[in-house]
Amino acid sequence: MRRIKSIPAKGLKTPAGTTARTFILTFFSVLFSTAMAVRRFPKPEFETNYIQPSTQIPVPRAELLAYLDVFVLLVSLSIVTWLILKKRSRLWVFAMSVFSLAYFGFYREGCVCSIGAIQNVSLALFDNTFVLPLSVLLFFILPLVFTAFFGRTFCAAVCPFGAMQDFFAFKPQALSSRLNTVLGILPYLYLGLAVLFAATGTDFIICRYDPFVGIFRFNASFGMFLFSGILLLSGVFIARPYCRFLCPYGVLLNWTSRFSRRHLTITPKECIQCRLCEHSCPYDAIEVPVTSKSPESRPVRVRKMMILTVFVPFIVLVFGYAGSRMQDTLAGVDSRVKLAKEVMALSGKQDAGYGMQDAGYKMQDDSYEIKAYKASGKTESQVYSEASAVVKKFYIGGWLFGGFIGLAIALMIGGRIMPVYRTDYVTSKGRCFSCLRCVDYCPVKS
Amino acid sequence: MPNRREFLNTLMRGGILAALGLLSVSLVLRSRDKNSCSNGFACSSCGKSQGCSLPAALEARQTVWQLDPSKCIQCGRCATNCVMTPSAVKCTHAYAMCGYCDLCGGYLKPGTKTLDTAAEHQLCPTNALKRKFIEDPFFEYTVDEQLCIGCGKCVKGCSAFGNGSLQLQVRHDRCKNCNECSIARSCPSQAFSRVPANKPSLLKSFGKESLEEAGRKGELNA
Amino acid sequence: MKTGKPSLNTIKLLENISLGSAVFAVVLCVLIIVNFLQVRRADPLNSPAMTVLIEKLQNDPANDQLRQEIRTLDLLARKAFFTAQWQVRTGGYLLFISILVLVSCIKAIELIRSKLPEEPAGKPVMFWETRILKRNWLVYSGIALVVLTLLLAWLTHNDLGNAGGREQGAGNREPGTVNRESGSGSRDTATTSPDSRVTGHDSSSSILHPASDYPNMQEVKNNFPCFRGPGSIGVSERTGIPTSWDGTSGKNVRWKTVIPLPGYNSPLIWNDKLFLSGASESKREVYCIDAVSGKILWTSAVDKIPGSPSQVPGVSKETGLAAPSLATEGRRVYAIFANGDLIALDMDGKKVWAKNLGMPANHYGHSSSLIMYRDILIVQYDQRSGPAVMGLSGKTGEQLWKTPRNVKISWASPSLVTIGKRIELLLAAEPCVASYDPLTGKELWKLDCISGEVGPSLAYANLIVFSVNEYSTLSAIRTGENPKVLWENNEFLSDVPSPVANDDFLFLVTSYGTAVCYDATVGTKYWEHDFGTPVYSSPMLAEGKIYIMDKKGLMHIIKAGKEFSQISQCPLGEGSFCTPAFTNGHIFLRGDKNLYCIGK
Amino acid sequence: MKQKIFIITGLVLLVGVIAIMLADLFSSKKADKANPYDYKMGELRKTDITCNGYIEQLTIKPALEEIHAVACGSGDRIYVAGKNGLEIYQVNGKPDGNFRFEGVASCMALDKKGRIFIGMQDHVEVFDQLGKPCNKWKSISTESLLTCIALTDSYVYLADAGKKIVYRYDMNGRLINRIGEKDPQKNVPGFIIPSPYFDLGIGKKGELWVANTGRHSLEQFSSDGALNSAWGEASMSADGFCGCCNPSHFAFLSDGSFVTSEKGIERVKIYSPQGKYVCMVAPPSAFVEGTKGLDLAVDSKDRIIVLDPEKKQVRIFVKK
């Protein structure tokens, strides 16, 4: 329950200490720069004993509760990690995922979330007027820290998105390796775009296309529901489609998890090569034993590696260039650039502006953007220079974004040149969500 | 071989953790910096308030969305673009600014001759603005939040013809405080911003304080 | 495992439940979607029926039955609105519950079944083959990504890139940096601001390589595309215009170039190219001159035009054979001559199209200049037989529209002005000032207020059009839906030079050399001043100064203010009939023989 | 086979999701349709341009930071007062002097001797033509907000929007009486001033008129506070006063006709001495939307001087 606090209209103080934490909600002092224009004026003098009601201003969710969320995150991360690494019980992990879905999903309504926190962090890095609450920073950092030690236990049962999709993986199908590879590029693109748009202050696209937030809130636009519906439906056949092929946070977790200290193993002891687990993973994250030698001889591999290494800067540059060419398309998402285009279209309409601006007539059917622009008193060139600053940012951002994608692809290729040798069935440390399905299949118990 | 791999792994892990640590330390330090600059409403006491570009929000760690009525142009998108239905933005009445007029520009349709509560005279599409007789010639207007959809029609009427006491505000008991407000994204006048959670309102007002201030000045002059 | 049968039964039961809830969920989905579509199609709060009823009531306020009807409808509408919301909400909850049931049933089935071990898969995966395959696919998709990106960039480049470029350009451009700040005048920086070059934003060069069919407002304003500047109203927004020079001593003269053939047409400028024409009885030529160096870049002979009459038109000495000024929109340049030859040349002087409009029946010689609206070339052809105004496609010369005019011969030139929301084409000829839609040629309004052999073109500012002619009257016409004459005066009248106006004043120069200033709105005369020399060139208003060139080539520069205040007088050294053209920091003047560039 | 169908279905849906995202993100379509809840103010602001009997003859652009009050002095010189200063213009709009003072002038009047009475929030200051302070009255009350000042030969009338009352002072700042207090016995209904606009004026016969804006009427009082007559009607159409509280300002023509100005639907109009609508001086389209406080003055040639605080201009209208 949220409390509703009232503002004393005529300076009457509300009884102090009615609640443990009393906000002094004086709205009078807010933004008095605007009030300068409003001339002060007393209210009418009533003769009947009418008491002027006070303006009700509801109080937002208490700040302390944000730290409760962090606490719950920490505890559930610990429990889930323990369940995965020590208890090795799929059923308990499942139970925890129900809890996470209930708490982070339906109770906290999907907001604050680690995935979205990427954007807050990147915006805070580039815009020092942006406030990054500590709780949001912790939501970003904690899962990564856990992953660095124990693998992606966050994905297993703490992330409400993962939990939601896990429930709907009714008929998971194994995807071919090339599909997995090609679709695997998507999260890098999503991450790159999300950081680019966040850092330029354009938009938070992860939140804009948050697939489940509408379900968590039981309230969203029709389009958002449709979006969630389609994603969940595809998740019936392609398990956890968002986590595997979209989630930008997954990229970070993937790379962190590769170097994790104690990752989940399929078997607690020695693998008996029974191959029961081979198809148990709905996420195609089990690596088969490789005992045969690579068909490529060592010198060939070394040469390929060398070529790749030499070509990495080139690849990065090519992608960077391609990204920079996208500057207009990318910047077109930004509202400031959109406004500039509209303003330009408008001045184009008054057209090739032969003659002078007229004074007496008013344009009637302006869009609201144009109306607001006119009301703001900004000049045309101000709008343009603002937009061109944004476009410039996107030019640099386009290079970085493209370079990042190029680097990611080069690294992925490099990873597939490296020699491999393993005798056991293991989980792919990067892609494994630690859901423990394979463990259930393993006949070896501790 | 495994040892070397192990070592590399540890090295990389260390690198990642160090990077994360550095990131958080720099961000925390930076925001602590902001904290120590008693920002927000204490801005004037900070001494360098003139050159400061930090928003008032920085004093508080948590922020919420709010719209600045002085920028609002009543485009109606608060009603249509909120992720919530009905919108979390509602008309809020700053009674202290209200003139209690009989002929209320926010309540009555333009051109209405008889000033009464008849349905055909009401501007509000959902009948959410209520009118109550107080005493001749004053009428009190209240907003029924259950019915209000935040369309801003009355706000436009009130600010054009009256004192502007009806204003749109984000109601924080309804607002989900999305990471990026979807109304803010489509707001044509950039009226939405993140404000400190402990000062969640941007209502404008003639204000008692400004009255007091003026009074004090008057005394000084006299 | 322990008891096969009961678990099988349970599975069956669970399967049935899940099937039921799935069907229920689908039905609910359909219902919700239908509800959504319904509300979307007819918003109950905005029903047109209501609007109609209320309008009716306003006309008939005493109708109580109508009033009752409105109230009922209003109640119904609001009920419908909130009911629809309630329906969606309830439906949503039910849907959620049914899906919850579905998921839990399936999970339960999985739980019971999961104890059953699965058969080990057939043959082991071919690790190395898939690995190499993966690698290749990565390479392919990487290449595809780059190609796709470039393709997208290229596809969207034209408009968006243009926009971005213009934004950058416009954003950084101080009112027109048409490149002459630097003496060297490196040509490729013409409109590219230094800033946009730093970012390597090559799309900004799209201004140099025009992509769209016609220029935008800013481009037009930055240039001098026709007689008397943008819109042909005698106003230029260029700045830093010289106020002192001497053509005889060469003081402040940057260059001077002999123009081979004579002509009274005035120069026009696009980026750093200057265009003018000249004609003798046997030859007609268009010249393009480099504004930086003064070199003639190309000369294009206007000949071999089908239908061009062989006889020389009878013209007066004071009109000549090449009186009409040219026009350009930055893609092509257009010229018309006294014998009706009309030609379009590209920016390099190559003929794009040409035609003859028929020898004009005009006893002094045709002198109405051309003007461009977007990519439409507008020709005022007020001759004795069949006077008309026409719009031709700049690209092909094809006639887009032609509007016959019921007027006498006119020597005035058309103007294009923004009035309210529309652009109007204004023409003057006995007996009227008339306005046309430049896109379609439709007549918008006309007002009878002028007579005689109309020579001066119109002036326009602040919604007021000014027309003047010798032996007629000076009229200020308030434009709008119902144009009307605000004030009239016939103390000073002009025969050749056109008037010019700003928001506050109207300036008029008579052909015998008296300059007069009137209040633009009420017509009070503020001052008059006699130069003592006749004036044929039209005055230009720039930077708050009026530039008046008399017939002897002396430029009188006067403050555009309520009091007469002469800033300077600058001799050219030869006679001039032509109107000056402006760029930032420079004036271009055509004398009888030479073309001058004034400025550093 | 079945597996393939599943995979393809899944993939198609997934690709669909991504396509929706991309299309939504990069589409350049107009973000929003028209506002379904639009309050079409433009219609109200439209007036029949033909009933416009006046044209703008002259525009003065004062240099003051804010302008609030205009008055007309001897020789039809125009006085403009605002924040921290006052400027004087000749009849043709030429500057003719200025001086500075501390404070925001909200209203102004000139007496026969040419002294300038300036109302500033809660008190009156008197200056001579050169800006030398002659007198400074005491603050009336902290709640006061003086919005109008008018002079007869021997009295000063002040309109106080804060206290919602009119005061009669003598020339030296001594309060004589208060006018317009609610008094059912004297049939005085009292002033309803819902917004800080409250004007008064001295008619051609020296009678006091006060704008009771909350009632949309102009009321005529005798100097001792008796209500003699009133006229005015609330209406959005041209013949009445719009909004919640209008007319915000008024002045008199030489024949005793009223010139009134309104906010909400910004317009300046003329009413006959009997209160019948005559014609429009300046239609809403002549002003920036949201302009409030169009102070008025009339000179001896019946030119109407309108102070436009939004455009920061003094605009002079003359009969066509």
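Below, read A as the first sequence line, B as the second, and so on, with proteins coming before strands; counting in each chain starts at 1. None of the values given here were measured: they were computed from a predicted structure.
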Provide the closest heavy-atom pair for B:Phe138 versus B:Gly99 in the form atom of the first, atom of the second, distance. CD2-O, 4.1 Å
Where on B:Leu11 is there a heavy atom nearer than 4.5 Å to chain A: the side chain, the backbone, both, or neither? neither
In terms of heavy-atom proximity below 4.5 Å to chain B, should A:Glu47 be classed as side chain, backbone, both, or neither? both
So, the part of A:Arg208 with a heavy atom under 4.5 Å from chain B: the answer is both
Examine whether an atom of A:Ser335 lies under 4.5 Å from a heavy atom of chain B, and if so say whether it belongs to the side chain, the backbone or both; otherwise answer neither. side chain
Donor + acceptor pair across side chains of A:Thr55, B:His93 (<3.5 Å): no
Considering only heavy atoms, which portion of A:Arg217 lies under 4.5 Å from any heavy atom of chain B: side chain, backbone, both, or neither? side chain
Review item, side-chain donor-acceptor pairs of residues 153-161 of chain B, under 3.5 Å, at least two apart:
from	atom 1	to	atom 2	distance (Å)
B:Lys156	NZ	D:Tyr39	O	3.4
B:Ser159	OG	B:Val155	O	2.9
B:Ser159	OG	B:Lys156	O	3.3

Indicate the atoms forming the closest heavy-atom contact of A:Pro53 with B:Tyr95, along with that distance. O-CD1, 3.3 Å
Where does the angle between the aromatic ring planes of B:Tyr100 and A:Phe46 fall among parallel (under 30°), tilted (30 to 60°) and perpendicular (over 60°)? perpendicular
Going by distance alone, is a donor N or O of one side chain under 3.5 Å from an acceptor N or O of the other, for A:Thr256 and A:Arg152? no
Side chain, backbone, both or neither of B:Ser182 within contact of chain A (heavy atoms, under 4.5 Å): neither
Proximity breakdown for B:Ile134 and chain A, heavy-atom pairs closer than 4.5 Å: both
Could you look at A:Phe140 and say if it's the side chain, the backbone, both or neither that has a heavy atom under 4.5 Å from chain B? side chain
Nearest heavy-atom approach of A:Ala340 to A:Val383 is CA-CG1, 3.6 Å
Which atoms form the tightest heavy-atom contact between B:Ser186 and A:Glu369, and what is the distance? O-OE2, 4.2 Å
Can you confirm whether B:Leu166 sits close enough to B:Leu129 that some side-chain heavy atom of one is under 4.5 Å from a side-chain heavy atom of the other? yes
Pairs of heavy atoms under 4.5 Å with chain A: top-ranked of B:Cys75, B:Cys187, B:Ala191: B:Cys75
Looking only at A:Cys113, A:Cys111, A:Ala148, A:Cys207, the option with the highest number of non-hydrogen pairs under 4.5 Å against chain B is A:Ala148
Region of B:Leu20 that comes under 4.5 Å of a non-hydrogen atom in chain A: both
Without hydrogens or angle criteria, can the side chains of B:Asn9 and B:Arg5 be said to hold a donor-acceptor pair below 3.5 Å? no
So, the part of A:Asn120 with a heavy atom under 4.5 Å from chain B: the answer is side chain
Between B:Gln169, B:Gln190, B:Glu140, who has the most heavy-atom pairs with chain A when the cutoff is under 4.5 Å? B:Glu140
The interface call for A:Leu125 against chain B, heavy-atom contacts under 4.5 Å, is both
With chain B, which of A:Ser260, A:Ala375, A:Gly214 has the greatest number of heavy-atom pairs at distances under 4.5 Å? A:Ser260
Contact part of B:Val64 toward chain A, heavy-atom cut-off under 4.5 Å: side chain, backbone, both or neither? side chain
